[in-house]
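Right, one structure below, let's go through it.
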Protein chains: 2
Amino acid sequence: MSPALNLTWSAKPLSAEEAATVAIRDAILSGRLVPGQRLAQAELAAQLGISRIPLRDALRRLDGDLVTIDGRRGCWVTSLEVDEIEELYEIRIVLESRCVSLAVAGLSDQEALHLFGLSEQMDLMQSDAHSGYSTRRAFYAELYSHANRPRMRGLILQLRDNVGRYHVLKDVRHSVDAHEQLRRHIMDRNPDGAAEVVVAHLEETRDDLLATMAQDEHVPTLATEGS
Amino acid sequence: MSPALNLTWSAKPLSAEEAATVAIRDAILSGRLVPGQRLAQAELAAQLGISRIPLRDALRRLDGDLVTIDGRRGCWVTSLEVDEIEELYEIRIVLESRCVSLAVAGLSDQEALHLFGLSEQMDLMQSDAHSGYSTRRAFYAELYSHANRPRMRGLILQLRDNVGRYHVLKDVRHSVDAHEQLRRHIMDRNPDGAAEVVVAHLEETRDDLLATMAQDEHVPTLATEGS
DNA sequence: GTTGCCGATGTTGTATACAATATTCAGATA
DNA sequence: TATCTGAATATTGTATACAACATCGGCAAC
């Protein structure tokens with residue numbers, strides 16, 4: 001199956017544009033760049049140590065997703081309204097219920113066991129918000145990859161990132177509970193059960209987030225300007 | 001509902017990047033640029049009468065969708081395999097069935113009548129493949145806008161374009177029939193019926209396309225090079 | 001006090017020039 | 001003949017410079 005030589009081509013030189021894309025995406029997902037924050041090309045390029053051209057390429061790549069570009073008016077970190085968040089969750093529910101169902105249905109014994117272990121690890125090591133998020137993300141990325149639907153998986157992960165940056169790690173109890181159920185359905189190869197758990201979990205998460213937003217709507221987050 | 005003054009800000013000056021984006025997208029959707037065709041930056045920029053910078057911005061914007069960029073190896077018109085087309089249709093089915101259901105459920109009498117007329121017009125004037133496609137696209141864009149799900153609508157139209165450029169106008173009978181049924185469900189405000197029609201229509205269209213591709217797989221289309 | 005009109009300033013868009021890398025093809029060698 | 005090597009060529013990535021536009025401030029007029 002696997003080739004004799006499995007060089008992952010580690011540490012291949014990233015282009016300036018790729019590096020900038022990763023850096024900006026990471027900054028947005030980790031909350032260092034907050035929704036609505038202006039992204040001035042000259043300033044960002046200077047901070048990253050590159051010229052404006054590859055920076056613009058990176059921004060174009062993130063446009064419509066994590067970044068909003070409005071012609072000559074400039075660009076900002078995309079800010080989501082309540083309506084948009086509800087819609088994104090609706091799309092996630094439709095896609096993820098299908099995807100998890102397909103994934104669980106096609107799992108081999110070995111793969112199911114692997115996912116089971118991954119899920120337990122994930123719930124055991126509860127670290128800070130950011131690494132917790134990326135750990136959960138990695139689990140779902142792995143799970144959904146078994147659905148053999150690369151485009152759907154990509155869409156889902158994208159939507160997840162889009163909405164995930166608004167969370168403040170409030171849903172830990174829900175998550176642990178949902179993951180326990182999900183593990184059972186994975187071992188039982190129960191696609192419908194898994195889909196139900198995922199939908200219920202998404203709805204809970206969504207409601208948590210909306211409640212938090214309604215509560216904090218009069219306390220807008222402010223970016224701490226870099227020196 | 002509609003504002004008293006409805007200035008559409010017509011004929012605002014497009015930037016070179018926007019113009020290039022529209023031009024390239026249109027060329028791909030109309031088939032002048034075929035899947036797999038190389039997109040050389042210098043050549044394209046010269047043809048469009050702009051420099052490489054705004055052209056690159058346009059290509060980055062279409063990347064991952066209609067265009068595939070592979071680092072320094074260059075970029076091509078995205079070419080879809082059979083598996084990918086099947087997957088895109090699967091996503092369309094999931095999203096569009098939900099979207100049409102929501103749209104039909106919320107239709108006012110006036111809106112339903114308007115869509116009815118639009119649909120009839122669409123079936124009456126059957127012109128060439130390209131304008132036929134864009135007419136149908138406009139109808140669904142209008143229909144889905146009534147679902148009040150802008151992101152979902154955008155995704156659907158994007159998926160539609162992605163897969164639509166492979167069609168060769170073979171599904172006219174199916175379409176006319178499906179549209180007739182859809183009109184009835186629109187007038188009856190029958191969301192479930194409309195969703196069923198859309199799903200069935202998508203499945204038929206998908207199977208038509210796959211059959212055509214299986215038939216023509218040994219006759220690869222070749223681009224007619226511009227002078 | 002409010003509105004409208006410039007001018008100064010800053011930011012983005014675009015062209016040109018150059019650097020870095022991929023591709024290609026000729027030629028040598030097994 | 002097939003394959004490998006390496007220089008020539010072509011194409012993409014990036015930096016700099018400049019042009020076009022938007023924003024923001026003050027000032028005048030109503």
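Only heavy atoms go into these numbers, but all of them, side chains included; no hydrogens, no water, no symmetry mates. In what follows, every chain begins at residue 1, and chains take the letters A, B, ... in the order their sequences are listed.
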Rounded distance in Å - [atom1] ([X]) to [atom2] ([N]):
X	N	atom1	atom2	result
B:Asp57	C:dG13	CG	P	8 Å
B:Leu39	D:dT11	CG	P	13 Å
A:Leu14	C:dT21	CG	C1'	15 Å
B:Glu18	D:dC21	CD	C1'	13 Å
B:Leu48	C:dA15	CG	C1'	15 Å
B:Ile50	C:dT16	CD1	C1'	15 Å
A:Glu17	C:dA19	CD	P	21 Å
A:Arg52	C:dT16	CZ	C1'	15 Å

OP1 or OP2 of [N] sitting under 4.0 Å from any side-chain N/O of [X]?
X	N	answer
A:Arg73	D:dT23	yes
A:Gln41	C:dG13	yes
A:Arg56	C:dG13	yes
A:Arg38	C:dT12	yes
A:Arg60	C:dG13	yes

Exercise. Run the salt-bridge test on B:Asp65 and B:Arg25 with the 4.0 Å N-O cut-off and return the result as yes or no.
Key: no

Quiz item: So does B:Asp161 pair up with B:Arg137, basic N to acidic O under 4.0 Å?
Solution: yes

Exercise. Fit a plane to each ring of B:His179 and B:Tyr140, take the angle between them on a 0 to 90° scale, and name the class: parallel (under 30°), tilted (30 to 60°) or perpendicular (over 60°).
Key: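 Tilted.
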
Quiz item: Any chance the side chains of A:Glu96 and A:Tyr144 put a donor and an acceptor closer than 3.5 Å?
Solution: yes

Exercise. Using heavy atoms to find the nearest nucleotide of DNA chain D for A:Arg72 and B:Cys75 separately, return the residue whose nucleotide is more 5′.
Key: B:Cys75

Exercise. Would you mind classifying the nucleic acid contact of A:Leu55 as base, sugar-phosphate or nothing, using non-hydrogen atoms under 4.0 angstrom?
Key: nothing

Quiz item: Starting at the 5' end of DNA chain C, which residue's closest nucleotide do you reach first, A:Gly74 or A:Ile53?
Solution: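 Checking each residue's closest nucleotide, the 5'-ward one belongs to A:Gly74.
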
Self-check item: Full working for side-chain contact (heavy atoms from CB on, under 4.5 Å) between A:Thr78 and A:Arg165
Solution: CA-CA 11 Å; A:Thr78 298; A:Arg165 63 202 162 105; 3.8 Å; yes

